[in-house]
Amino acid sequence: MPSPDPENTEVEVDEPRQGLLDSITQHLGDAVVASHLAPGRELWVRVETSAWPEAASVLQRRLGYRFFDWLSAIDWMESPYGRSMDAEVDKELGLVETEASEAETVAPTGADGYAGGESRMQVLARVHSIDAQLGVTLKADVPDMSIGTWTNTFPGAEWHEREACEMFGINFEGHPGLRPLYLPSDFQGNPMRKDYPLLARIIKPWPGIVDVEPMPEASDQGASTTNPEAAS
Amino acid sequence: MTSILALDYGYGGSVGLKLLLAFVAVLIPAGGTVYLYLFKMVSFMQSRLGPMEAGPFGSMQLLAEVGKSAQKEDIFPESADRFVFAAAPYVVMVSTFLLVLVVPFGPDAVFVNFDTGIFFALAVSSVSVIGILMAGWASASKYSLLGGLRAAGQLIAYELPLVLAVVGVVVQAESMNMQDIVSAQYNGEIFGWAAIGNPFILTQFAGFLIFMIAVQAELTQTPFDMPIAESELVAGYMTEYSGFRFLMFFIGEFATANIFAFLGATLFLGGWTVPPFVTDALGVEITDNIFNFIGPAIMGIKMLALTFVVYWVRFTYPRFREDQLQRFAWKVLIPLSLVNIVVTGLFKVVL
Amino acid sequence: MTEVTDRRQLAYIAAQASEARINVELEAEGMTLNIGPQHPATHGTLRIVARLDGEQVMDAEPMMGYMHRGYEKLAEVRTYPQVTALVNRIDWLGSFANEVPFILAAEQLMEVEAPPRAQWIRTILFEMARIANLTLFLGDMGVQLGAVTPVFYAFRDREHVLNQIEAATGGRFHPNFDRIGGVKDDLPAGWIQQTRQSLDKIRSFCDQMEDLLLGNAIFEQRTRGVGVIPADVAQAYGLSGANIRASGVDWDLRRDNPTETGLVYDQVDWKVWTHPDGDSFARYWVRLQEVRESCSIVDQLLGSIPKGPIMAKVPRIIKVPAGEAYVATENPLGIMGYYVVSKGGLEPFRVKIRSASFSNMSITPWLLKGTYVPDVITILASLYFILGDIDR
Amino acid sequence: MGLLPGGLVKGLGVTLGEIVKTVTQGAQTVQYPHQKEQPAPRSRGVIALHEENCTACMLCSRECPDWCIYIEGHKDLAPPRRAGGKPRKVNKLDRFDIDFGLCMYCGICVEVCPFDALFWTPEYEYSEPRIADLLHDKTRLSQWMQTVPEFESYEAGAEVKVKKVPR
């Protein structure tokens, strides 16, 4: 896992993003929990769950990050259904890790995501500044499935939050109307959670699972086998 | 006028013949223009060939369409007012047939020669508004209602420029009788030069333009096709119609376009006559019997020319928003037509 | 070319916009009209529930989800090559443009860079996808306003571009041609020469559109001052592409995105077109200039394709190392970005698809308040969204 | 109200010009059943199977995103290459079906096949009244092999070698 703190990246120090990171930490103080900087690529900042709406207004009003790119969520739990495309031959090829032993399954967290994370669900958002040509991805943990809304600073976040709410089950306090966006109103469950089964893959058996049967013995199989003498 | 072509039919026979001729005069040109303009001209305009399968060069396409529509199920919307819904297309067709009565096709080949022919034609042409409103209101669907109301507003707004444009012609021809208008154009001369007579399109060009724009609006054709805005109201007041009823609206639209083109030809292009230098060259008198046969052909050519312009504009321009087309009618067309009348009056008095 | 700069025009537009806002305050109980989901003006299955007062829209709320295929869920159970085949079905008009950001994000995670020839071919097909997409818009805007002929010209001339894409990639609409580390195959012989001919057809199509629609006074009346979007509101809603450039924001990811290493826009000199008005006319005008600009970009690129391989050294079974990457490119409809989270397996752990039309459409409830019904159609046509892009 | 006629008349000119061009130079459209447009040689119409190359290794049915390739095979003895040698164990193909009702023509199977047994043909006229008939079996897929065009040569500057189609 790339080390989270940017200091020890040898030569490439990305001034603009480094400056941005410093100004964010300077404005938000200890609300900034962790950060990750991929030089020349992107800056990730993780803020306290409570400071989520405040981070938005700081970025928009003080730092001039007025372009609202997108807002979504991520469920860090490993999918219990796996690829449902596993055949014995895959195990020999080492494509599929053998079953993890039961004891090891610890509560899923965003720890191995950039800028870490403690809760299973995380909210992601990205804002961009057109004059500085820089963007920043903000993250926040959502331990109790509820977080503040961004709609009063970025009105565009309304639909994004409605989608995240119906797909992941995260409640956004203060959102004008958390109606379902895509799913029919009587839909049960949150599809994007990893423990929600993808039914198409479970109903139909995987055609790749059929393995080539072993050679039929040269007994009374009849025409289907070519006995060795006749073949030469 | 019970003797047509020197045969005496008695009252019953001549009315029957006139009915048949009326049907022929309305439906055959309608079929012709549908094929020529809606199937062929539009396709050429859009770099394709149009229907080619039914009959040579797709000529039987309209018969196929009629056959298809006739066998379609005749659907009434569930909460529609059945009688009014069924009657609407007939009301629209009535106004078309009444219009054709007045159009002269030859010296004595005219259905009814009113003294106030053009006045009758304009009065009858506004009957179709009632039919469209009936269709819009009776279909009990929001889109039809919107289409119907838009049609009402638009057709009434464009009646005025239509009438005022015709007043200029009537003032110049000093009569409302269609035959007199035609002969006025034949015998008139422009500042003493009588070779081509005086087709009112030359002296009444502003009137002609206003007439054609008003006709475009009466037919609810683009750029005035708010009532049948296919990209907003799906098919406007015709949305809920299906089968033969929709066909009547569809053919009715083309028939009305032809009849207005006949009217326009009579008022502005000299009706069924040819310019004097042609008749002098052929040594034929304008009131001969021969013109009862050539007349409809000449009218047909002039009608095709005018309908070409109508459909050419229809398939090229986007459409107005209703408040823009209302503003255009009240603030531009009507003042312009009033000025046209004043100028014609002045010339009439001065010359 | 109608360059609008004088103050009188802008004042007229501002007055129009404010007048539309004032008379919406009258709270009369209006009629609710469902525009869609089966409706000619919605590019796909979008339903707008509009509460009307007479012809004026009190408030309009788009209802979506009729075409929700759940791409983000599907991507989690598919390997990387399978996701590329899947993902070019999001914006099906310029479909090669969907694959590129996903592949660039995967390449960023795998620290792989495509050889120059592959980047050239990728950029050429990216621009041809833009031409194919925006040509249809130029024709379709006409038919939304009532002129039926322009859309036929659009389909006629777009056909040549699609044939060229099919000749190179095998699929007209779903090329599935981009791979991690390069492109699937090289260009067939004679392709460059034929592509130049198809570009000439597109240029003559643009001139026809200029005469038929831009010069048309009725079109101007129907679109000037309709659906005015100020720049800051556009940014707050995340509008992108021609919609934001038409509001005067000079921003184009093809020029301003330093992190992107996969496309070669720096080798070509081209111009980003903007327009100060921010109304439907400006959006149409900006997209018309962009199509012409894309034609000249492709022309320059065709002339300078370097020699060399089209595929970098990439293992046969692709396992992307763990990490997160976000790459966004300037797609025909706007900014399309993929946030790919990988835990080192065969498939991505999570793919967040930032689609352009989703954000472009999120402004409609604010924008459609107080407009007339025909203007609703004009504004929707000028925002130019694709339902696959919204519903994902 | 600024109704400038210049723009309007130019618009009419464009459509009139189009009428003249269509009448004189013919339409851009093709009258399908009578004349047919030839798709590009690389276009993905239908998948052809070259049965000799196929070793039933299941890679294509495993990689297919739509799960629309069904393969059944059995191991069999084949005559030894060199006389007197041990008989080779070979996979024989019993069933190789592609359900074109499900297929999305992405081309992953053709690309992933290690033995070059699958090819694309630009054939497109195989629609069926019943969707079940879109399941092409082994024989039908082999019939498509004749319509596989030769691979085209590449543009100048390409380093990719042109592959051969096994007839």
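Every chain is numbered from 1, with letters handed out A, B, ... down the list of sequences.
- The structure places CG of L212(C) at 9.0 Å from CG of L12(D), a figure rounded to the nearest 0.5 Å.
- Using a 4.5 Å cut-off between heavy atoms, T84(C) does not touch chain D at all.
- Atom-to-atom distance recorded for D66(D):CG and L86(C):CG is 8.5 Å, nearest 0.5 angstrom.
- Taking chain C as the reference chain and counting heavy-atom pairs below 4.5 Å, the highest number among E37(D), E152(D), M104(D) is found for M104(D).
- Tested against Q82(C) for a side-chain contact (heavy atoms from CB on, under 4.5 Å), the candidates C106(D), P65(D), C64(D) yield a single pass: P65(D).
- The side-chain heavy atoms of P114(D) and R316(C), taken from C-beta on, include a pair separated by under 4.5 Å.
- Distance check: M311(C) CE to E159(D) CD gives 14.5 Å after rounding to the nearest 0.5 Å.
- Distance check, rounded to the nearest 0.5 Å: CZ of F155(C) to OG1 of T29(D) gives 14.5 Å.
- Proximity to chain D (any heavy atom under 4.5 Å) is shown, for F219(C), by neither the backbone nor the side chain.
- Counting only distance, with no hydrogens or angles, the side chain of R44(D) and the backbone of T169(C) share a donor-acceptor pair below 3.5 Å.
- R179(C) and E111(D) are joined by a salt bridge, as a carboxylate oxygen and a charged side-chain nitrogen come within less than 4.0 angstrom of each other.
- A heavy-atom distance below 4.5 Å is not found between the side chains of K10(D) and E210(C).
- Look at E18(D) and R156(C) and you find a salt bridge, because one of the NZ, NE, NH1 or NH2 atoms lies within 4.0 Å of a carboxylate O, short of that distance.
- Crowding of Y154(D) atom OH: a count of heavy atoms from other residues, nucleotides or ligands under 6.0 Å exceeding 12.
- Considering only heavy atoms from C-beta on, D185(C) comes within 4.5 Å of R42(D) through its side chain.
- Between E166(C) and P39(D), the closest heavy-atom pair is OE2-CB, 4.2 Å.
- For a residue to count as touching a neighbouring chain, one of its non-hydrogen atoms must lie under 4.5 Å from one of that chain's; by this rule L187(C) touches chain D with backbone and side chain alike.
- Of all heavy-atom pairs spanning P81(C) and I108(D), the tightest one is O-CD1, 3.7 Å.
- For chain D, the option among D186(C), I310(C), N176(C) with the highest count of heavy-atom pairs below 4.5 Å is D186(C).
- Atom CD1 of I131(D) sits in a sparse spot, with 12 or fewer heavy atoms from other residues, nucleotides or ligands closer than 6.0 Å.
- Note on K307(C), H174(C), Q208(C), R117(C): by heavy-atom pairs under 4.5 Å with chain D, the leading option is R117(C).
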